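Reading through the structure tokens given below for one structure.
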Amino acid sequence: RAFGYSQVPQFDPFLMLDDFHTSNPDEYLAGFPWHPHRGIETITYVLEGLVEHGDSMGNAGVIGAGDVQWMTAGSGIIHQEMPKGDSQGRMYGLQLWANLPQSQKMMAPRYREVKNADIPHIVQPDGVVIRIISGRLNGISGPVRDVVIDPEYLDVEMPADTRLYHPTPPGHTAFIYLFKGRVRVDDLDLQPGSLALFEDGDQVHIQAQASSARFLFISGKPLQEPVAWRGPIVMNTQDELRIAFSEYQNGTFLKS
Ligand code: FE2
């Protein structure tokens, strides 16, 4: 877990980032059997291996390397996520949770699956490659649109000794999560598995070190609302949490 419950509200509007990265199937085959979500969006990005999924809206399928599943739980969804690994048993995925504002916590759930081939990328003159999953860069928009927190979700690969200057909307929360190579941000040297949360500003500057590097760049508009979070459900008040869990127990959780 790169960040989570104990960091609220530092990453607002984001709640959690999990990195599941292993070549031991015993560590992932149990998966995440049927469980509910309400009040959030979960964004799963698979780098290696496969994740089988199914949900209460009738979606079912497999997401593989380079694919993204962007699920808006809204008023409620019940789903399962079962990592399967690749032919060598490797599994590598990242799951981000984004919060929904009070006005949209009970919106109808929706589900977007984006295949690797449908994710546009740009190549800069120095060889930096940016895959745009959500957000807009050089006039190119990522396939995940109409999200309340106006997120950018970019997968950036930098050759050795290159630099990236990336504009950020002032007031938005922005961070990178490095999963390959080393980069320098201000006076910090980051290693794989580390995260840098940027201060407010209008541009970030990232410098790749002696080898190529790959990371996620993520930004979003803070909600600045109270957070009541228990397990897979995130609302604004304890009362709303109690209602959600009692509805789950008595079978009235799903609204659409
Ligand atoms: Fe889930």
Side-chain angles (χ1 to χ4, degrees), residues 1-8 11 13-22 25 27-85 91-101 104-115 133-134 144 147-149 151 153 177 216 218 220 223 227-236 240-241 243-249 251-256:
R1 181 150 303 176
F3 67 89
Y5 191 87
S6 55
Q7 275 81 38
V8 171
F11 287 82
F14 304 104
L15 295 163
M16 187 186 94
L17 178 65
D18 270 357
D19 173 330
F20 47 105
H21 184 191
T22 173
E27 290 180 351
Y28 58 77
L29 284 177
F32 306 93
W34 296 100
H35 59 277
H37 288 289
R38 176 179 284 178
I40 60 170
E41 302 189 87
T42 68
I43 299 106
T44 308
Y45 187 25
V46 176
L47 299 170
E48 289 174 352
L50 301 170
V51 179
E52 275 180 17
H53 65 91
D55 69 38
S56 51
M57 293 192 295
N59 299 300
V62 176
I63 51 174
D67 299 342
V68 175
Q69 177 195 280
W70 196 293
M71 188 188 81
T72 306
S75 59
I77 198 165
I78 298 173
H79 77 159
Q80 65 170 348
E81 304 158 289
M82 307 301 280
K84 297 297 175 196
M91 184 66 234
Y92 196 169
L94 296 159
Q95 188 169 79
L96 175 72
W97 288 15
N99 207 357
L100 285 169
Q104 269 151 305
K105 282 204 179 282
M106 296 302 281
M107 69 185 279
R110 68 182 172 188
Y111 172 91
R112 289 179 270 200
E113 186 167 307
V114 183
K115 292 293 184 189
I133 292 153
S134 185
V144 180
V147 180
V148 186
I149 56 165
Y153 191 111
Y177 180 70
L216 294 183
I218 293 169
L223 300 176
V227 172
W229 179 355
R230 198 196 313 165
I233 296 175
V234 185
M235 305 301 290
N236 296 105
E240 290 166 338
L241 280 186
I243 291 166
F245 279 93
S246 72
E247 286 181 347
Y248 186 55
Q249 264 150 26
T252 58
F253 182 75
L254 297 174
K255 306 298 178 194
S256 56

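These numbers come from a predicted model, not from an experiment. All ligand and atom numbering here is 1-based and tracks the order in the structure.
Within the 3.5 Å criterion, the main-chain N or O of Ile77 finds no donor-acceptor partner in the side chain of His79. At distances below 3.5 Å, at least one donor-acceptor pair connects side-chain atoms of Glu240 with backbone N or O atoms of Asn236.
Between Lys84 and Leu29, the closest heavy-atom pair is CA-CD2, 4.4 Å.
Excluding waters, the count of protein N/O/S atoms less than 2.8 Å from the Fe ion (ligand 1) comes to 4.
For Tyr92, the side chain to side chain donor-acceptor pair (under 3.5 Å) test picks out Asp19, with sequence neighbours left out.
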Given Gln69 and Glu81, is the side-chain hydrogen bond (donor to acceptor under 3.5 Å, both in side chains) satisfied, shown in steps? CA-CA 11 Å; Gln69 177 195 280; Glu81 304 158 289; 4.6 Å; no
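For the pair Leu100 and Ile40, the minimum side-chain heavy-atom distance is 4.5 Å or more.
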